[in-house]
2 protein chains.
Amino acid sequence: MPGRRRREGIPCRPRWKRGLRLVLRPSLLLMLAEHDSHGYELMEQLTTLGFDNECLDSSVIYRDLRDMEEMGFIRSFWDEEDSKGPKRRVYQIKEQGWERLEDWLEGLDQLREQITDLSARYQKLKGVKGKS
Amino acid sequence: MPGRRRREGIPCRPRWKRGLRLVLRPSLLLMLAEHDSHGYELMEQLTTLGFDNECLDSSVIYRDLRDMEEMGFIRSFWDEEDSKGPKRRVYQIKEQGWERLEDWLEGLDQLREQITDLSARYQKLKGVKGKS
DNA sequence: CCATCTATTGACAAATTGCAGTTAGACAGG
DNA sequence: CCTGTCTAACTGCAATTTGTCAATAGATGG
């Protein structure tokens with residue numbers, strides 16, 4: 001009945017989803033850059049990018065895809081081929097999507113550096129504390 | 001009049017504030033781990049951790065400090081010494097704060113790895129596209 | 001006494017998220 | 001035929017988080 005891919009009643013270490021969400025859009029866009037795909041497949045493939053399926057509600061993925069379509073980064077159409085099961089909405093990256101992907105990755109790279117610095121500073125602090 | 005540190009009317013490259021916010025709490029906590037401090041000082045020191053003051057409304061910092069106090073990671077008291085200017089609320093890290101800092105940094109490290117993977121996969125893809 | 005800098009707080013609209021539910025085709029087993 | 005399960009996509013809403021603006025207030029310099 002649920003129609004979604006998520007263990008029920010499990011909280012999923014509270015607020016780290018938030019961080020993961022930041023890379024979700026870029027991740028989806030990258031996968032679409034690799035090849036056209038539909039929501040359900042993307043959702044399953046997200047594990048290859050470090051996501052934990054048990055903790056990601058499928059509605060989030062569909063919603064993000066919709067949003068990205070509205071923003072003009074991707075386009076979609078209903079799958080022509082009769083694959084068994086319900087119809088699939090296949091997404092395809094657009095030129096604007098490539099540009100945005102590049103932007104996003106640049107931003108994420110900055111974030112990565114920030115984390116590196118933060119971590120280094122923490123290690124240094126621990127070193128000082130440890131010696132005293 | 002404004003009482004806050006922010007250029008007015010400047011949008012600040014739209015959606016990357018969101019990413020920065022993810023490291024804000026850990027950053028504040030780290031700075032407090034280094035030494036006790038008050039909101040205004042912390043705000044100014046944030047540039048040393050890659051934040052852009054022009055893009056961060058001070059109310060955000062104060063709010064986060066308050067939240068962290070409520071969560072039991074830090075404590076605060078009004079500054080006794082008569083430094084000129086208005087009174088300062090000085091924050092101090094608690095034992096629980098050290099623990100949480102460690103947790104947060106661990107989470108951020110995972111995020112860093114995720115970004116690294118994502119980036120690598122993008123570079124690989126560009127390589128393939130370039131050669132064809 | 002007026003502007004400016006330091007310092008903190010409050011209030012509210014807008015955006016984001018989590019969670020649960022709905023629809024629906026296909027297929028397998030009893 | 002009925003039931004359950006898997007695939008697939010979508011909707012609605014309450015709760016949380018965030019962005020932005022405004023208010024307050026001591027001190028200082030002209």
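Computation of the quantities below employed the complete heavy-atom set of this structure, encompassing side-chain atoms and omitting hydrogens, waters and symmetry-equivalent molecules. Letters A, B, ... are given to chains in the order of the sequence lines, protein chains preceding strands, and every chain is numbered from 1.
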For DNA chain C, just give me the dot-bracket, please: Watson-Crick or G-U, both distances below 3.5 Å, ( ) intra-strand, [ ] crossing earlier pairs, | paired with another strand, . unpaired.
||||||||||||||||||||||||||||||
Counterpart residues, side chain to side chain donor-acceptor pair (under 3.5 Å), relative to A/Gln45 (two or more places apart)
none
Using salt bridge (Lys or Arg N to Asp or Glu O under 4.0 Å) as the criterion, list what pairs up with B/Glu99, not counting sequence neighbours.
none
Just the rounded figure in Å: distance from P of C/dT9 to CG of B/Leu65.
9 Å
Hey, does the side-chain of B/Arg63 have a donor or acceptor N/O within less than 3.5 Å of a partner on the base of C/dG10?
no
Donor-acceptor pair under 3.5 Å, B/Arg66 side chain vs C/dG10 base
no
CG of A/Asn53 versus C1' of D/dT7: gap in Å, rounded?
14 Å
Taking only side-chain N and O atoms of B/Tyr62, does any of them lie within less than 4.0 angstrom of OP1 or OP2 on C/dT8?
yes
Interatomic distance, A/Glu41 CD vs D/dT7 P [rounded to whole Å]:
13 Å
Please collect all salt bridge (charged side-chain N to carboxylate O under 4.0 Å, His left out) contacts where either partner lies in residues 34-43 of chain A, sequence neighbours excluded, each pair once.
A/Glu34-B/Arg121
By nearest-heavy-atom nucleotide on DNA chain C, the more 5' of A/Arg25 and A/Pro86 is A/Arg25
Residues in salt bridge (Lys or Arg N to Asp or Glu O under 4.0 Å) with A/Glu106, at least two apart?
none
Check ion pair B/Arg112-A/Glu113 (N to O, under 4.0 angstrom)
no
Check for a donor-acceptor pair, side chain of B/Ser119 on one end and backbone N or O of B/Ile115 on the other, with a separation under 3.5 Å.
no
Determine whether a donor-acceptor pair (one donor, one acceptor, N or O, separation below 3.5 Å) exists between the side chain of B/Ser59 and the base of D/dT20.
yes
Without decimals, in angstroms, what is the distance between A/Leu22 CG and D/dT17 C1'?
14 Å
Taking OP1 and OP2 of C/dT8, is either one under 4.0 Å from a side-chain nitrogen or oxygen of B/Arg89?
no
When the nearest nucleotide of DNA chain D is assigned to B/Gly85 and to A/Arg88 on a heavy-atom basis, which residue is associated with the more 5' position?
A/Arg88
For the pair made of NE2 in B/His38 and P in C/dA7, what is the distance, rounded to whole Å?
5 Å
What integer distance in Å separates B/Trp78:CH2 from D/dG26:C1'?
12 Å
Among D/dT7, D/dT20, C/dA7, find the nucleotide with the atom closest to the side chain of B/Tyr40.
C/dA7
B/Asp64 CG to D/dT16 P: how many Å, rounded?
17 Å
Can I get a per-line list of side-chain donor-acceptor pairs under 3.5 Å for residues 61-78 of chain A, giving both atom names and the distance, sequence neighbours left out?
| from | atom 1 | to | atom 2 | distance (Å) |
| --- | --- | --- | --- | --- |
| A/Asp64 | OD1 | A/Arg25 | NH1 | 3.2 |
| A/Asp64 | OD2 | A/Arg21 | NH2 | 3.4 |
| A/Asp67 | OD2 | A/Arg25 | NH2 | 3.4 |
| A/Glu69 | OE1 | A/Ser76 | OG | 3.3 |
| A/Glu69 | OE2 | A/Ser76 | N | 3.1 |
| A/Glu69 | OE2 | A/Ser76 | OG | 2.9 |
| A/Arg75 | NH1 | A/Gln92 | OE1 | 3.0 |
| A/Ser76 | OG | A/Arg89 | NH1 | 3.0 |

For the pair made of CE in A/Met68 and P in C/dT16, what is the distance, rounded to whole Å?
14 Å
